[in-house]
Novice: 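One structure, as structure tokens, below. Some questions next.
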Amino acid sequence: MPDAVRVRFAPSPTGLLHIGGLRTALYNYLLARQTGGAFVLRIEDTDRSRYVPEAEQDILAGLAWAGLALDEGPTQGGDAGPYRQSERRDLYADAARLLVEGGHAYVAFDTADEIEAMKARRRTDANPTPGYDASTRGEMANSLTLPADDVAARLADGAEHVVRLRVPEDQTITFTDRVRGEVSFDTATVDDQVLVKSDGMPTYHLANVVDDHAMGITDVIRGEEWLSSVPKHLLMYRALGWTPPRLAHLPLILSPTGGKLSKRSADRLGIPVSVAQYREAGFEPEAVVNFLALLGWNPGTDQELFTLPELAEAFDVERIGTSGAQFSLDKLEWFNGQHLRRLSSEEIADRARQSVETAVGPVPDDALVTAAELMHERLTKASDLAQATYLFQDPEAYDPAGVKKRWKDDSAALVRAYADRVEALETFDIETTEAAMRELAEAEDAGFGRIVHPVRLAVTGTTVGAGLFETLVAVGQDASVARMRRAADRLG
RNA sequence: GCCGCGUUCAUCUAGGGGUCUAGGAUGCCACCCUUUCACGGUGGUCACACGGGUUCAAAUCCCGUACGCGGUACCA
């Protein structure tokens with residue numbers, strides 16, 4: 001029986017939670033739920049220059065919105081805390097010391113200028129980006145080249161320094177990625193990564209390895225951008241005598257035009273990129289989650305519609321795809337409509353309330369639910385309900401194209417005649433209003449369509465919407481009659 | 001440039017030597033349903049990047065090329 005699965009989502013609080021980040025979080029969450037393991041949130045705030053104070057709150061809000069409940073994290077705690085890297089510095093310092101003492105890392109004093117000078121010196125057409133590595137570390141100022149007492153003196157002096165990983169020269173690091181299979185790197189292509197920055201903070205690489213080990217993380221699921229740093233991480237695990245977690249690197253989410261889905265490209269294409277934007281755009285979390293889950297993973301069956309628990313059951317790391325997936329707003333909207341249709345009218349009313357009230361002011365509960373019932377099958381987003389303003393107030397205008405198409409010479413007279421019949425109805429419901437119209441059509445020897453379309457226009461101001469008689473009932477007897485007469489007067 | 005990863009309809013994808021004249025979904029088009037618009041239903045449109053090999057047989061395996069993406073930071 002293997003150890004219980006522990007996974008983490010480890011975002012850096014440098015901005016709003018990105019949609020790609022949410023997918024990474026989702027896959028981790030799914031694995032945790034499916035195995036009965038733990039889903040941990042760790043805030044990787046080791047870069048002071050890029051730190052955004054509101055980001056952590058946004059990450060928390062985004063995960064909560066999507067329904068990805070945390071088992072451990074900075075706000076609810078857990079046995080493996082603290083969950084912010086800025087609060088775990090001692091751990092990193094200890095690990096760095098161990099690495100240096102074991103000869104797997106070293107202290108370096110080079111300034112940025114000196115490193116740049118080395119690179120300039122080494123730069124050739126064949127090698128435009130020389131690294132700080134086994135081939136160059138010998139000519140730099142570090143504890144490998146300087147006499148021990150000099151190093152000690154500098155350190156005692158408080159000289160600025162970093163700790164670098166001492167990457168061996170000629171090794172091949174091979175590992176198994178659960179998505180990609182066997183991957184290998186030659187250490188000659190890996191440079192001596194800075195592990196501790198001159199401000200004393202660890203870089204991602206050190207902190208990540210230390211924390212994944214300290215927190216008992218068994219499975220790392222993260223973006224493909226980390227694949228090439230795996231050898232560095234593995235070298236550290238080996239040097240520290242720790243067992244590395246299982247690894248799975250996710251293909252990236254691409255913009256609809258194929259490039260990287262960056263803030264900038266997304267803005268240009270008019271697609272949201274942060275989770276907060278999806279929420280504001282009126283997408284349902286269930287739909288976003290479903291869409292994201294299928295962007296790079298598939299269940300191997302024809303099922304496309306999933307709830308979060310269904311996803312947790314069907315999820316399988318081995319079925320994650322290998323190639324980048326382009327984001328498609330069309331498909332997301334389809335998922336949104338599908339998930340909307342699975343909600344009750346009460347739930348839709350709830351989710352549409354804000355947009356509706358922004359459009360027409362306060363609306364009573366029952367009116368909102370009635371409206372939701374009527375428009376249920378027609379909504380792509382709950383907020384679309386706000387477009388049917390006629391369900392809540394008299395139409396202010398009549399769609400010109402609709403008038404042109406549907407309002408004929410006899411329309412005013414027919415609408416007035418129908419208004420009279422509706423007004424006289426003792427029972428006002430779908431059956432009686434429809435019967436009244438059929439009778440009128442017969443009496444006037446006018447086609448049903450000659451009446452129904454103008455009446456819709458008169459009552460709603462548009463040519464589209466739910467069934468007319470259902471709409472009439474929702475609007476109410478008096479209001480319907482009044483609207484018909486007013487339209488007959490106005491449109492002539 | 002170098003290193004790594006990838007490449008099936010416009011898009012998300014199934015498939016992993018014969019069952020593939022390549023399946024599903026979105027999009028688009030048409031038709032049906034229908035008082036409108038949707039929903040739903042039916043049908044259509046549309047793909048194995050290219051070139052070599054291996055094999056009786058390749059979308060599937062191997063090699064190369066092209067293209068794309070990632071990395072090449074004291075950012076994550």
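First the proteins, then the strands, lettered A, B, ... as listed; each starts at 1.
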Novice: Any N or O donor-acceptor pair under 3.5 Å from the base of B:C37 to the side chain of A:R378?
Specialist: yes
Novice: A:V455 near the nucleic acid: base, sugar-phosphate alone, or nothing, with a heavy-atom cut-off under 4.0 Å?
Specialist: nothing
Novice: Looking just at side-chain N and O atoms, do A:N127 and A:T124 make a donor-acceptor pair shorter than 3.5 Å?
Specialist: no
Novice: Using only atom types and a distance under 3.5 Å, with no angle test, would you say the side chain of A:S229 pairs donor to acceptor with the backbone of A:K232?
Specialist: no
Novice: Nearest-Å distance, NE2 (A:H249) to P (B:G70)?
Specialist: 15 Å
Novice: Measuring to OP1 and OP2 of B:C37, would you say a side-chain N or O of A:T462 lies under 4.0 angstrom away?
Specialist: no
Novice: Could you tell me the Watson-Crick or G-U partner of B:G1, where both distances fall under 3.5 Å? Say none if there is no partner.
Specialist: B:U72
Novice: Which base sits across from B:C33 as a Watson-Crick or G-U pair, both distances under 3.5 Å?
Specialist: none
Novice: Please identify each residue that fulfils ring pair (Phe, Tyr, Trp, His ring centres under 6.0 Å) with A:W226, with sequence neighbours left out.
Specialist: A:Y204
Novice: Quick one: do the A:N28 and A:R8 side chains pair a donor with an acceptor below 3.5 Å?
Specialist: no
Novice: Applying ring pair (Phe, Tyr, Trp, His ring centres under 6.0 Å), can you list everything that pairs with A:F291, at least two apart in sequence or on another chain?
Specialist: A:F327
Novice: In whole Å, I'd like the distance from the CD atom of A:E373 to the P atom of B:C39.
Specialist: 20 Å
Novice: Write down the partner of B:C48 under the Watson-Crick or G-U wobble criteria, each distance required to be under 3.5 Å.
Specialist: none
Novice: Could you work out which one of B:U35, B:G71, B:G15 sits closest to the side chain of A:S228?
Specialist: B:G71
Novice: Over how many whole Å does the gap from A:E470 atom CD to B:U34 atom C1' extend?
Specialist: 12 Å
Novice: For A:L468 and for A:R341, locate the closest nucleotide of RNA chain B by heavy-atom distance; then report the residue assigned to the nucleotide nearer the 5' terminus.
Specialist: A:L468
Novice: For RNA chain B, determine which residues of residues 130-137 of chain A have any heavy atom closer than 4.0 angstrom to one of its atoms, and list them numerically.
Specialist: none
Novice: Between A:R122 and A:E139, is there a side-chain N and carboxylate O pair less than 4.0 Å apart?
Specialist: yes
Novice: Applying side chain to side chain contact (heavy atoms under 4.5 Å, CB included), can you list everything that pairs with A:H104, at least two apart in sequence or on another chain?
Specialist: A:L99, A:A239
Novice: Measuring only the P atom in each nucleotide, how far is B:G51 from B:C75? A whole number of Å is fine.
Specialist: 47 Å
Novice: Is any side-chain N of the basic residue among A:R123 and A:E116 closer than 4.0 Å to the acidic one's carboxylate O?
Specialist: yes
Novice: With rounding to the closest Å, how many angstrom separate the P atoms on B:G41 and B:A58?
Specialist: 39 Å
Novice: Distance check, C1' atoms only: B:U8 and B:G16, in whole angstrom units.
Specialist: 13 Å
Novice: Sequence neighbours excluded, which residues qualify as side-chain hydrogen bond (donor to acceptor under 3.5 Å, both in side chains) partners of A:D191?
Specialist: none
Novice: Would A:N208 and A:H233 count as a side-chain hydrogen bond (donor to acceptor under 3.5 Å, both in side chains) here? Give the steps.
Specialist: CA-CA 8 Å; A:N208 198 261; A:H233 304 166; 4.8 Å; no
Novice: Please round to the nearest 0.5 Å and tell me the distance separating atom CG of A:L250 and atom CZ of A:R180.
Specialist: 8.0 Å
Novice: Rounded to whole Å, how long is the line connecting atom CG of A:L261 with atom C1' of B:C12?
Specialist: 15 Å
Novice: Is a side-chain N or O of A:D58 found less than 3.5 angstrom from the main chain of A:L17, in a donor-acceptor match?
Specialist: yes
Novice: Between A:R406 and A:T322, name the one whose nearest nucleotide on RNA chain B is closer to the 5' end.
Specialist: A:T322
Novice: Taking 4.0 angstrom as the limit, do A:K381 and A:D384 come out as a salt bridge?
Specialist: no
Novice: For A:N290 and B:C12, what is the distance between atoms CG and C1' respectively, to the nearest whole Å?
Specialist: 12 Å
Novice: Grab the CD-P distance between A:E182 and B:C5 for me, whole Å please.
Specialist: 10 Å
Novice: What residues, two or more places apart in sequence or in another chain, satisfy side chain to side chain contact (heavy atoms under 4.5 Å, CB included) together with A:S12?
Specialist: A:T14
Novice: If the P atom of B:A25 is compared with that of B:C61, how far apart are they to the nearest Å?
Specialist: 27 Å
Novice: Sticking with atom C1', work out how far B:C2 lies from B:G24, rounded to a whole angstrom.
Specialist: 41 Å
Novice: Find the distance A:L292:CG to B:U11:P and express it as a whole number of Å.
Specialist: 19 Å
Novice: Using a 4.0 Å heavy-atom cut-off, write out nucleotides 24-32 of chain B from 5' to 3' as B (base contacted by protein), S (sugar-phosphate only) or - (no contact).
Specialist: SBSS-----
Novice: Who pairs with A:V194 by side chain to side chain contact (heavy atoms under 4.5 Å, CB included), at least two apart in sequence or on another chain?
Specialist: A:V162, A:R164, A:K197, A:T203
Novice: What string of B, S and - do you get for nucleotides 41-50 of chain B, 5' to 3', if B is base contact, S is sugar-phosphate-only contact and - is no contact with any protein heavy atom under 4.0 Å?
Specialist: ----------
Novice: Please list each protein N or O that sits under 3.5 Å from an N or O in nucleotides 58-64 of chain B, with the distance.
Specialist:
none

Novice: Please identify each residue that fulfils side-chain hydrogen bond (donor to acceptor under 3.5 Å, both in side chains) with A:R89, with sequence neighbours left out.
Specialist: none
Novice: Hey, does the side chain of A:R319 come within less than 4.0 Å of B:G15's phosphate (OP1/OP2), counting only N and O?
Specialist: yes
Novice: Are A:R438 and A:E434 close enough for a salt bridge, meaning some N to O gap below 4.0 Å?
Specialist: yes
Novice: Is there a Watson-Crick or G-U wobble partner for B:G6 with both distances under 3.5 Å, and which nucleotide is it?
Specialist: B:C67
Novice: In the strands shown, is B:C20 matched to any nucleotide by a Watson-Crick or G-U wobble pair with both distances under 3.5 Å, and which?
Specialist: none
Novice: Check this for me: does any side-chain nitrogen of one of A:E286 and A:R342 sit under 4.0 Å from a carboxylate oxygen of the other?
Specialist: no
Novice: Could you tell me the Watson-Crick or G-U partner of B:C61, where both distances fall under 3.5 Å? Say none if there is no partner.
Specialist: B:G53
Novice: Roughly how far apart, to the nearest Å, are B:A59 and B:G68 at atom P?
Specialist: 26 Å
Novice: Please check if the number of heavy atoms outside A:K405 that lie under 6.0 Å from its NZ is greater than 12.
Specialist: no
Novice: Determine the Euclidean distance between corresponding C1' atoms of B:C28 and B:C62; express it in Å to zero decimal places.
Specialist: 40 Å
Novice: Work out how far the P atom of B:C69 is from that of B:U26, and round it to whole angstrom.
Specialist: 29 Å
Novice: Verify the contact: side-chain N or O of A:N127 to OP1 or OP2 of B:C2, cut-off strictly under 4.0 Å; return yes or no.
Specialist: no
Novice: If you restrict it to nitrogen or oxygen atoms, what contacts under 3.5 Å exist between nucleotides 74-76 of chain B and the protein, and what is each distance?
Specialist:
unit_1: B:C74; atom_1: O2; unit_2: A:S198; atom_2: N; d: 2.7
unit_1: B:C74; atom_1: O2; unit_2: A:S198; atom_2: OG; d: 2.7
unit_1: B:C74; atom_1: N3; unit_2: A:S198; atom_2: OG; d: 3.1
unit_1: B:C74; atom_1: N4; unit_2: A:D110; atom_2: O; d: 3.3
unit_1: B:C75; atom_1: OP2; unit_2: A:K197; atom_2: NZ; d: 3.1
unit_1: B:C75; atom_1: O2'; unit_2: A:D47; atom_2: OD2; d: 2.8
unit_1: B:C75; atom_1: O2'; unit_2: A:R50; atom_2: NE; d: 3.2
unit_1: B:C75; atom_1: O2'; unit_2: A:R50; atom_2: NH2; d: 3.1
unit_1: B:C75; atom_1: O2; unit_2: A:R50; atom_2: NH2; d: 3.3
unit_1: B:A76; atom_1: OP1; unit_2: A:T46; atom_2: OG1; d: 2.9
unit_1: B:A76; atom_1: OP1; unit_2: A:K197; atom_2: NZ; d: 2.6
unit_1: B:A76; atom_1: OP2; unit_2: A:Y204; atom_2: N; d: 3.3

